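Have a look at the structure below before the remarks.
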There are 2 protein chains.
Amino acid sequence: MTDRFIPPGFDVMKFAAVDVRQAASAADIVYEALRKAIIEGDLAEGENLRQDQIAQMFNISRIPVREALSRLEQHGLITTQRYKGAVVAGLSVEEIEEIFEFRALIEAEVIRLAVPNLDRQTLEKARRYCDAFDRETDPHRLGEINRNFHYSLYEASRRPYYLQNVRSSLDRIDRYLRAQLTFTNGVPRAGREHEAILAACEQGDAELASRLTRDHILDAGRSLMTFLREQRG
Amino acid sequence: MTDRFIPPGFDVMKFAAVDVRQAASAADIVYEALRKAIIEGDLAEGENLRQDQIAQMFNISRIPVREALSRLEQHGLITTQRYKGAVVAGLSVEEIEEIFEFRALIEAEVIRLAVPNLDRQTLEKARRYCDAFDRETDPHRLGEINRNFHYSLYEASRRPYYLQNVRSSLDRIDRYLRAQLTFTNGVPRAGREHEAILAACEQGDAELASRLTRDHILDAGRSLMTFLREQRG
DNA sequence: CATAGAAAAATTGGATCCAATATACAATCG
DNA sequence: CGATTGTATATTGGATCCAATTTTTCTATG
């Protein structure tokens, strides 16, 4: 493998560490890179994604780029029109509200299923993420730590299909959450809510953890709505 | 458009009716055809999907076939291994159980959200599907009518993201449901449960409709489990 | 100068060809 | 005779080229 797959700002080694069993295809690499760029908000909504331009960034042909774009479309991160190309998907306020509603439903269920399976090690890991969240200021890392905190608990549910849907729905709205964290200061509140969720988990109270998770997501959704409404006018 | 895109058993017009705004690409057509074949059980789990073979069936090159396969993999309908090819995904009993649990959760919520929006026209349409289900004997058409019955009610929820997830999760297990309907006779029971759900909707009782939908899905899941356990040994 | 229409450029969708890898099978060695 | 290695074949991943379509630019005309 030469350096031809390494565009500026993409950490190949990080990806390789995720899946050592088999080398990633070019399409995999492009997919992961674009997904990351979209959910972190580095690619603004509505931005054109030209196949040729992306191919040149990675020093590959358009074939794997098209495959990556096709996958991104399936996940709702971009929209494409025949012969016109792909743009980063923009979500209406109604669509964002619906996704928060959906997340509240399934993540509340996932945490309920997870609590009985939580062991000390997992709780300690979650505690570290929870503390790190309070100390962090960089919005990208905040988003990452937020994910890790919730996922570390959710994984104990042993429900891979649920988790896949959690990830997919969070992917769609993550950039809006991060934008909000950058401009407003919702971090202290989110931190307190994380603290309460973790406490409920430590006490083995599945119903409480579930209710708090639900409220945590709906709170974040509501404050994002007010932020977006004034931002969009 | 010549007839070169029409393999035996694929209804192009049905697809065209779905999206008249723009002609379907070859990849779209292959994707829909394979999706249909998998969810209806015409392609058995574990079956190899050779790119070249599929391309010849449609008289196209392998490029759009690969795009279709990539999309199918994103939806969990096939699994692929680099340089080894794709096979129709098989689900373990645990995976099937998890998907039924997931469906029960979100479909119960969807029907709860739908009930307040149901109008007479929609209820009449659902009634027709409900009656047609009882009279039908062909398992493929039963599967189709079952979908239509539930969807006709769900659509009133006005939650496109929920509905997308309903469809995606049902896609994964539909072939097992249809196999069960073919071999056992769960139709009368399912018919009675549809009747009860529809009655609750007609009375505007969202909570009851939600509870009945949840039970309907969990019942179907349980009876499928016992069927699969004895079938698989 | 504004605008309709045509030509040119840009862009995507698809076909064909080549490279990389896996599988099947025969030849070889213990 | 069984295991192993080498070779041929099959199959997938990717590059390059061509066709279809859209977008842009240029030009003629009022």
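None of the values given here were measured: they were computed from a predicted structure. Proteins come first, then strands; the chains are lettered A, B, ... in the order of their sequence lines, and each starts at number 1.
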(request) Determine which pairs satisfy salt bridge (Lys or Arg N to Asp or Glu O under 4.0 Å) with at least one residue from residues 150-164 of chain B, sequence neighbours left out, and list them in order. (result) A:E101-B:R159
For residues 224-233 of chain B, please give each side-chain donor-acceptor pair under 3.5 Å, one per line with the distance, not counting sequence neighbours.
{"residue": "B:T226", "atom": "OG1", "partner": "B:S223", "partner atom": "O", "Å": "2.9"}
{"residue": "B:R232", "atom": "NH1", "partner": "B:L91", "partner atom": "O", "Å": "3.0"}
{"residue": "B:R232", "atom": "NH2", "partner": "B:L91", "partner atom": "O", "Å": "3.1"}

(message) Quick check on contacts: within residues 42-51 of chain B, what sits under 4.0 Å from DNA chain D by heavy-atom distance?
(response) B:L49, B:R50, B:Q51
Could you tell me how far apart [X] ([atom1]) and [N] ([atom2]) are, to the nearest whole angstrom?
X: A:D52; N: D:dC17; atom1: CG; atom2: P; answer: 13 Å
X: A:Q81; N: C:dG13; atom1: CD; atom2: C1'; answer: 15 Å
X: A:N59; N: D:dT16; atom1: CG; atom2: P; answer: 11 Å
X: B:D28; N: C:dG13; atom1: CG; atom2: P; answer: 9 Å
X: A:E73; N: C:dT12; atom1: CD; atom2: C1'; answer: 13 Å

(message) Rounded to the nearest 0.5 Å, what separates atom CD in B:Q74 from atom CD in A:Q164?
(response) 9.5 Å
(request) Classify every nucleotide of nucleotides 18-24 of chain C by which part a protein heavy atom approaches to under 4.0 Å, writing B for the base, S for the sugar-phosphate alone and - for neither, in 5'-to-3' order. (result) --BSSS-
(request) With sequence neighbours excluded, tell me which residues meet side-chain hydrogen bond (donor to acceptor under 3.5 Å, both in side chains) with B:Y161. (result) none
For [X], enumerate each residue passing the side-chain contact (heavy atoms from CB on, under 4.5 Å) test, keeping only those at least two apart in sequence or located in another chain.
X: A:E73; result: A:I78, A:T80
X: A:A68; result: A:V30, A:Y31
X: B:V166; result: B:I106, B:E107, B:V110, B:Y151, B:Y154
X: A:A27; result: A:S25, A:P64, A:E67, A:R71

(request) Not counting sequence neighbours, which residues clear ring-ring contact (aromatic ring centres under 6.0 Å, His included) with B:F133? List them please. (result) B:H194
(request) List in chain and number order the residues that pass ring-ring contact (aromatic ring centres under 6.0 Å, His included) with A:Y176, two or more places apart in sequence or in another chain; answer none if no residue qualifies. (result) none
(request) For DNA chain C, determine which residues of residues 63-71 of chain A have any heavy atom closer than 4.0 angstrom to one of its atoms, and list them numerically. (result) A:I63, A:R66
(message) So, applying side chain to side chain contact (heavy atoms under 4.5 Å, CB included) with A:F100, which one of A:L105, A:D219, A:I217 is it?
(response) A:I217
